[in-house]
Amino acid sequence: QYRPAQPPPKLSISAPVTNSVLSSPITVEGDTQAGSIVEINKGLKITPDSTGHFATKLTFDNGETKIVITSTTRFGRSTTKTIPITILSQ
């Protein structure tokens, strides 16, 4: 039985911008393939809406940090983006 290969999901992050300096809490927002599961920093799982859009607010301690965002399809294919940011105050 032949099954076409499933491509990994698209993943675009609109916020935060790479290397931005922010105050906590911050908004993490973007778009992916509808029906995928988005995981942020290996813990917080989000289900995007029917268009693939997702958004959540997160709190971070002061200093440099990285936000790792992974979108995984129901076929197990995934795309990961890492966004380095600096938190100045809460």
Side-chain angles (χ1 to χ4, degrees):
Q1 178 180 6
Y2 175 75
R3 209 160 114 169
Q6 297 295 322
K10 70 176 181 72
L11 177 61
S12 62
I13 309 303
S14 52
V17 175
T18 298
N19 295 320
S20 51
V21 178
L22 304 165
S23 295
S24 191
I26 66 163
T27 297
V28 176
E29 183 173 11
D31 292 283
T32 190
Q33 180 177 317
S36 296
I37 297 295
V38 174
E39 187 170 16
I40 300 174
N41 289 353
K42 295 186 178 182
L44 175 63
K45 292 187 178 182
I46 301 170
T47 301
D49 67 18
S50 61
T51 66
H53 184 78
F54 63 91
T56 191
K57 286 194 180 285
L58 297 173
T59 302
F60 291 95
D61 292 331
N62 290 352
E64 294 181 3
T65 191
K66 291 181 181 174
I67 302 171
V68 180
I69 304 162
T70 302
S71 175
T72 305
T73 67
R74 64 186 180 100
F75 299 106
R77 302 284 296 185
S78 64
T79 301
T80 300
K81 301 257 176 132
T82 301
I83 312 292
I85 59 169
T86 300
I87 302 297
L88 285 184
S89 61
Q90 294 185 1

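Nothing here was measured: the structure is a model prediction, and the numbers come from that model.
- Between the CD atom of Glu64 and the CG atom of Asn19 there is a distance of 9.0 Å, given to the nearest 0.5 Å.
- Here Pro7 pairs with nothing under the side chain to side chain contact (heavy atoms under 4.5 Å, CB included) rule; sequence neighbours left out.
- Residues meeting the side-chain hydrogen bond (donor to acceptor under 3.5 Å, both in side chains) test with Thr73, sequence neighbours left out: none.
- Using a 4.5 Å cut-off on side-chain heavy atoms (C-beta onward), Pro25 and Leu58 make no contact.
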Between side-chain atoms of residues 39-46 and protein atoms elsewhere (two or more places apart, or another chain), which donor-acceptor pairs fall under 3.5 Å?
| from | atom 1 | to | atom 2 | distance (Å) |
| --- | --- | --- | --- | --- |
| Glu39 | OE2 | Gly43 | N | 3.2 |
| Asn41 | OD1 | Val68 | N | 2.7 |

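- Scanning for side-chain hydrogen bond (donor to acceptor under 3.5 Å, both in side chains) contacts around Ser36 gives an empty result, with sequence neighbours left out.
- Scanning both residues, Thr32 and Pro48, for their nearest heavy atoms gives CG2-CG, 3.7 Å.
- By the side-chain hydrogen bond (donor to acceptor under 3.5 Å, both in side chains) test, Ser12 pairs with no residue at all, sequence neighbours left out.
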Does the side-chain contact (heavy atoms from CB on, under 4.5 Å) test come out yes or no for Ile87 and Asp61, once each step is laid out? CA-CA 7 Å; Ile87 302 297; Asp61 292 331; over 6 Å; no
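- Atom-to-atom distance recorded for Leu22:CG and Thr65:OG1 is 11.0 Å, nearest 0.5 angstrom.
- Under the side chain to side chain contact (heavy atoms under 4.5 Å, CB included) criterion, Lys81 pairs with Leu11, Ile13, sequence neighbours left out.
- With sequence neighbours left out, the side chain to side chain contact (heavy atoms under 4.5 Å, CB included) criterion links Thr51 to Asp49, His53.
- Taken from OG in Ser78 to CD1 in Ile37, the straight-line distance is 13.0 Å, to the nearest 0.5 Å.
- In terms of the side chain to side chain contact (heavy atoms under 4.5 Å, CB included) criterion, residue partners of Lys57 (sequence neighbours excluded) are, by chain and number, Thr27.
- Side-chain contact between Lys10 and Thr79: absent, with no pair of heavy atoms (C-beta onward) separated by less than 4.5 Å.
- Minimum interatomic distance between Pro9 and Ser71 (heavy atoms only, all atoms of both residues): CG-O, 3.4 Å.
- Contact of the Phe60 side chain with the Ile67 side chain is registered, since non-hydrogen atoms from C-beta on lie closer than 4.5 Å.
- In terms of heavy atoms, Ser24 sits closest to Thr59 at OG-CA, 3.1 Å.
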